[in-house]
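Atoms within a ligand are numbered from 1 in the order they appear, just like the ligands themselves.
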Amino acid sequence: MINATNATADLTLEQQAALGSGGSFWATKTVGPAKPFTLTDGPHGVRKQNAGDDHLGIAPSMPATCFPPAVGLAQTWDADLVESVAIALGAEALERGVGVLLGPGVNIKRDPRCGRNFEYFSEDPIVSGILGAAWVNGLQSQGVGASVKHFAANNAEHDRMRSSSDVDPRTLREIYLRPFQRVVEDARPWTVMCSYNRINGVFASESKWLLTDVLRGEWGYEGAVISDWGAVRNRVRSVAAGVDLEMPGGTNTDALVVEAVDAGVLEPGTVQASAERTVALASLVEAGRLRPAGTDVDAHHALARDAATRSIVLLKNDDALLPLEPSGSIAVIGEFAEHPRFQGGGSSRVNPTRVDIPLTEIRARAGSARVTYAPGFSTQGTEDSEGLRSAAVRTAAAADVAVVFLGLGDRQESEGFDRSDIEIPADQLHLLTEIAAAQPSTVVVLSHGGVLRLSAVIDLVPAILDGGLLGQGGGAAIADTLFGLANPSGRLTETIPVRLEDSPAFLNFPGENAHTLYGEGQFVGYRWYDARRFEVSFPFGHGLSYTSFEYSALAVSAEQDGIEARVTVRNVGARAGREIVQFYTSKIESAVTRPLRELKAFTTVHLRPEESSEVTVRIRREDLAYWDIRIDDWVIEGGNYVVAAGASSRDIRQSTTVEIAPGGARVPITLESTVGEVLEIPAAAAILGELMADSTGNSDAAESALGIDLKKMMASFPLSQLVAFRGDDGRAILDRLLEAANNR
Ligand code: BGC
């Protein structure tokens, strides 16, 4: 946490202004008590450039461990592992003299086409928030600052420096701000990075509402806000909104700040408060530098492998084709087996310390099996594709089993642009179709940053392993999983739809004329597919194992700070394995539209065959709240909630209900409240009876004579208009009613 120290009181206005902008592309300046420090990307490795500076991943950088990017890491659903990875990142950052590592990215994967989804954790705010907080805690435990990004509603690459994310307040709070809030409140990141885009017309870098009122005022954030590289349009407006550090340096905007103060358009106190935060940040970095630096490259590679192993999702495994026997013959097909794709393109690109090659790792584990290889296609598109394909089909047909590596190349997805579809490249699909016809025992291994449409693949092959992007240890992790040396335990953090056209933002992505309408509202990811009852190829939370687990004895209790939920999980198969237990809630009756079910907590458990264990989670009370637009505040509705434990959003194994007391803010009852709203409040409902008796006459008689449901009919009647049907005494009853309703 950053503590205000009043360290800048003696500085001139010029010095205070100078503290608010970088000194170079990756570093701050020396001003007063603040020593300069380096900030660099992030998030899945340290990209410390040593020749040339850019934020696109072009010029070379020093070797560093390339851990799985967020798309893979999130699939572990393992906050402890994420924390360990971030501890390792912190150590590497320290060793390279980096004070702030630019991550994690906790933006929601709103649409599968977003080019940067590989850098984000999930379509779900709880998964993103919990894993993001673990990352920040791990990194900062090493004396290196995090920069949670990109704040906020930056969910597309198309036109990212201009586009306005037009999103309603409830959706913004419940879906898009929620992961940031969790990270800020649980992990206190040293910095928050504001995004390029506009939100409802206002640049994030100029939004006082976002950067000061919400972030600092409501969430109690005390750290520094830095700009994304080049996100500041107008330095004075950004300072006024709450940006403390404009990056990169070299923009020469400090004088504008001084002029604005002199002209009386910017408060001097605002500049000083901002300078205080930058000085405090510099001293945190300085303190971190005192820690001993030094990392074990081999140990970090081993951690990268372990993380990759737990990231792999077994999507399908008919007739237990996997794991493979290390005997007979195995055909390995696909260029990615030899030249793996293990990270995404753009500012996060890491220069790995080494890379495990899947083909080599498969050979090393194949025992007596004869391993053959054919590339099958070229991602460069320069070779004889017909020749490559037919050679690969012959190779696959001649073996006992084929393992086919498919996926997207760097040209097909990256930071900086979005995809226009979610297809596997046509030449690869063509190859797979021919292989599947010739070789029934075919396993597909996928490498990609954004979701791929798999409906064409599912029916072709019996087994699919999905790695997303796995970092430098992915090759070994895939080989271990193929041969059963590791039991797959990753789970999807994003739904795989049957068709792109089914996806929630299909009609509104990426938008036009620099606006993107979040028309699907809170119905993002599984919230949408469930509400629309769409079939999906693989649901959120899905993943198979070489063993299976049974759930029993779900027990829940309402506690003061939330719900405690316990469930017993038993490994009923023959192999040790890890299960990810997911807890969802639903509000049975609600005053507002809600998703069918929402993830609220999760945990992981390792079990030997026949072993069972009771797992316990705590669902936070505040996570049951919805954002009420009438009062701009969180409301916890009282009443019954379903709590369900499952192995995916569509594989619910146990469920029960629990009664929750109302809480949070209260929507006042006013003259504009309706009869239906008053009926929710027992003390007021009784008085309402008095008011309605005369205005509606004998309601039972009316109902039977007219054949109508009077209660339903009256439910949307405002109190003010009800009174209009009575004489003066109606007003007196109404006053009593309002008193009873609002002083409950
Ligand atoms: C990206 C950030 C990154 C920064 C510095 C920007 O283009 O959006 O995520 O940290 O560049 O490379």
**Q** Classify the contact between F25 and ligand 1 as side chain, backbone, both or neither, using a heavy-atom distance cut-off of under 4.0 Å.
**A**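 Neither; no heavy atom under 4.0 Å.
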
**Q** Starting from atom 7 (O) of ligand 1, find the nearest protein heavy-atom neighbour and note its residue, name and distance.
**A**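 Of every protein heavy atom, Y196 OH, 2.8 Å lies nearest to atom 7 (O) of ligand 1.
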
**Q** Identify, for atom 2 (C) of ligand 1, the protein heavy atom at the shortest distance, and state residue, atom and that distance.
**A**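 Going atom by atom, the protein heavy atom closest to atom 2 (C) of ligand 1 ends up being D228 OD1, 3.3 Å.
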
**Q** Would you say E512 has more than 12 foreign heavy atoms packed within less than 6.0 Å of its CD?
**A**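 For E512, atom CD is not crowded (no more than 12 foreign heavy atoms under 6.0 Å).
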
**Q** Does an N or O anywhere in W229 fall below 3.5 Å from an N or O of ligand 1?
**A**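 So ligand 1 has no N or O lying under 3.5 Å from an N or O of W229.
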
**Q** I'd like to check which ligand 1 atoms, numbered from 1 as shown, lie under 4.0 Å from a non-hydrogen atom of K149.
**A**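 So the atoms of ligand 1 that pass are 2 (C), 3 (C), 9 (O), 10 (O).
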
**Q** Quick one: which ligand 1 atoms are inside 4.0 Å of a heavy atom on W26?
**A**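 Listed by number with element, the hits are 5 (C), 12 (O).
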
**Q** If the contact criterion is a heavy-atom separation under 4.0 Å, does M247 count as touching ligand 1?
**A**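 No, M247 has no heavy atoms under 4.0 Å from ligand 1.
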
**Q** Under 6.0 Å between ring centres: does that hold for W77 and F540?
**A**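 Under 6.0 Å, so yes.
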
**Q** Please determine whether side-chain hydrogen bond (donor to acceptor under 3.5 Å, both in side chains) holds for the pair T353 and Q472, giving the CA-CA distance in whole Å, both sets of side-chain angles, and the decisive distance to 0.1 Å.
**A** CA-CA 8 Å; T353 57; Q472 68 180 47; 2.9 Å; yes

**Q** Got Q412 and R419 here, is their nearest side-chain heavy-atom distance under 4.5 Å?
**A**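 A side-chain contact is absent here, since even the closest heavy-atom pair is not under 4.5 Å.
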
**Q** Take every heavy atom of E119, measure it against each atom of ligand 1, and state whether any distance is under 4.0 Å.
**A**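 E119: no contact with ligand 1 (<4.0 Å).
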
**Q** Using a 3.5 Å cut-off on N or O atoms only, is D41 in polar contact with ligand 1?
**A**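 Right, the criterion is met.
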
**Q** Hydrogens and angles aside, do S122 and D124 bring a side-chain donor and acceptor to less than 3.5 Å of each other?
**A**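 Note: S122 and D124 side chains miss the donor-acceptor criterion.
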
**Q** Can you find a side-chain donor-acceptor pair between T8 and E276 that sits under 3.5 Å?
**A**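 T8 vs E276: donor-acceptor pair found between side chains.
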
**Q** Any idea which atoms of ligand 1 are less than 4.0 Å away from a heavy-atom of H150?
**A**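 This gives 2 (C), 8 (O), 9 (O) as the contact atoms.
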
**Q** Give yes if a backbone or side-chain nitrogen or oxygen of R116 is under 3.5 Å from a nitrogen or oxygen of ligand 1, and no if not.
**A**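 Yes, R116 has an N/O under 3.5 Å of an N/O on ligand 1.
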
**Q** Under 4.0 Å from a heavy atom of M193: give me the atoms of ligand 1 that qualify, with their elements.
**A**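 In order of number, 10 (O).
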
**Q** Against heavy atoms of L102, which atoms of ligand 1 measure under 4.0 Å?
**A**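 The atoms of ligand 1 under 4.0 Å from a heavy atom of L102 are 10 (O).
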
**Q** Give the intermediate values and the outcome of side-chain hydrogen bond (donor to acceptor under 3.5 Å, both in side chains) for residues D418 and H158.
**A** CA-CA 6 Å; D418 299 317; H158 172 80; 5.3 Å; no

**Q** Do the non-hydrogen side-chain atoms of T516 and R110 ever get within less than 4.5 Å of each other?
**A**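 A side-chain contact exists here, since the closest heavy-atom pair is under 4.5 Å.
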
**Q** Measuring from E286:CD to F37:CZ, what's the distance to the nearest 0.5 Å?
**A**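 Atom-to-atom, E286:CD and F37:CZ are 10.0 Å apart.
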
**Q** Would you mind telling me if ligand 1 is within reach of the side chain of R47, the backbone, both or neither, using heavy atoms under 4.0 Å?
**A**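 The answer is the side chain of R47.
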
**Q** Is it the case that more than 12 heavy atoms not belonging to R162 sit under 6.0 Å from its CZ atom?
**A**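 No, because the 6.0 Å sphere around CZ of R162 holds 12 heavy atoms or fewer from other groups.
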
**Q** List every atom of ligand 1 that sits less than 4.0 Å from any heavy atom of E415, numbering the atoms from 1 in the order shown and giving each element.
**A**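 Those qualifying, in numeric order: 1 (C), 7 (O), 8 (O).
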
